[in-house]
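Reading through the C-alpha cells given below for one structure.
Predicted, not measured: the structure shown is a model, and the values here were computed from it.
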2 protein chains.
Amino acid sequence: MADLTDQSEQVVEFWYEFASTYSYPAAMRVEAVAARAHIAVRWQPFLLGPIFAELGWSTSPFNLQPAKGAYMWHDLARSCARLRLDFRRPEPFPQNGLLAARVATALPDDGTRARFSRAVYRAEFADGRIISEPEVIAALLAEQGLDAEALLLRAADPAVKQTLREQTDAAKRHGIFGAPTWRTPDGELFWGNDRLEEALDWVRTIAHGRQP
Amino acid sequence: MADLTDQSEQVVEFWYEFASTYSYPAAMRVEAVAARAHIAVRWQPFLLGPIFAELGWSTSPFNLQPAKGAYMWHDLARSCARLRLDFRRPEPFPQNGLLAARVATALPDDGTRARFSRAVYRAEFADGRIISEPEVIAALLAEQGLDAEALLLRAADPAVKQTLREQTDAAKRHGIFGAPTWRTPDGELFWGNDRLEEALDWVRTIAHGRQP
C-alpha cells in the first residue's frame, strides 16, 4: 500500500483503544507472540469514539447490533478461556477510555506504556474496575512504581491531548476503523485479535524483501 | 449453549449468504480443511437481507462504512491471493443472491448443493458475472449437468421459498448476524472465514466428550 523504505524494520504497530473488547486479549498476548517471531511491538493508543461519531454512532457497534453484541461477549469469554485470561464483562460498556489513553500517550513506548496498558485492560476486563475514574488510573500507576500524581497532571497537558488527537487523526488517515488493528511497516492493516499471526507473517516476509 | 444430544456427530454447519464477500474464500476452502479434520460440512444457505433490514440497513455494512469497506476489499483480495483463488471485485455490490439461495435450497446437500454454491461464488467473485440473472444461474446449473429449467422452476416453488424463509428464521434464532458463520452440533457459533479452524477444533473436542 505505502512505500517500502523501512521494510527492514522488524516491527508491528499495535493500534488499540481502551474501550475495545478484543483489544484486551490482543494486549495480553501480543508481546509473547511477537517476541517468538523476533518482531518488536509499537504500542499505538488511539480513540475510536471520533471515528464512530463520523458514522453517526454514539455507542459501541456491539450495543447497536444486539445479536452481534451477544456473540461478541460469548466469543470474548471463550477466547479468554482459551488464552487462560481472567474475564469479567465490564459494566458499564463501553467504558470511557479517554483518560487511560492520555496517560498511555504520556508514557514512553519502552515497555512502560505496554505495562500500563495491560494493567488498564486487566482492571477493566478482569477486575470489574471503572477505568474512567482517575483514582483507578492513579492506583494502576502507583502499583507499577510510577508517579501517579505527576502523570495525571501530564495527561491533562494540552500537548499530550494534542498528541492523542493527532494519533487518532493518523489512525483515520491509515484507514483504521476498529481495534485492535495491526499495521506493518509498509502500511498493511490487519484488523482483529485473530489476525495478529498473519500480520507478523507479513512483517517477516517484507523484511526478507519478498513479495507477500 | 444448546443441548449436547448430538455431540457425537462430526459435522460443522456452514451458514452462508451469496452476497457475502468472506463467504467466497470460506466456500472454496471449507471442504478440504474439514476433510483433513474428518468432519463433514452441512451447507446452510440463508439470507442476510432480512437480518440487516431489522437493523435499519438497506445495503451491505461495507457500503455503509467506507473505511471498513476499503479494508475489506483489500483484505479479501489479499486473502484470496494467499489461498490462490482468483478474485475480481463484483460490480454491483452487493449482488442479489435470492435466486441462487433458492436454487441452493432446492438442491440436495449431498455434494450437489456445495458444487453449485462454489460455482455461484466463482461466477460472482472471480468471473465478474451477475448472479441475480436467471441465465447466469441456468448456465452454472447446466455446466454441472443439472436440469437448469426444472431447477429454476423448482426454485420458484412456494415450498422452496418457504424453506429458505424458515432457514433465515433459524439463522436469526441461532443468533447468526453475519456470514460466513460456522455452527457446531452443540450450538456454538464462530463468525468469519478465519474462524473455521477454531470451529473444527471445537467440534473435535466435543466429539471426544471433553469440555472445550
In Å and rounded to the nearest 0.5 Å, what is the CD to CD distance from B:Gln65 to A:Glu54? 12.0 Å

Any B:Met72 side-chain heavy atom under 4.5 Å of A:Phe177 side chain: no

Contact class of A:Ser79 relative to chain B, heavy atoms under 4.5 angstrom: side chain

Look at the aromatic rings of B:Trp191 and A:Tyr71 and report parallel, tilted or perpendicular, splitting at 30° and 60°. perpendicular

Heavy-atom distance under 4.5 Å to chain A: side chain of B:Leu64, backbone, both or neither? backbone

Side-chain touch A:Arg82/B:Asp201, heavy atoms, less than 4.5 angstrom: yes

Around atom CZ of B:Arg154, are there more than 12 heavy atoms of other residues, nucleotides or ligands at under 6.0 Å? no

Can you find a pair of side-chain heavy atoms, one from B:Arg195 and one from A:Asp75, that are under 4.5 Å apart? yes

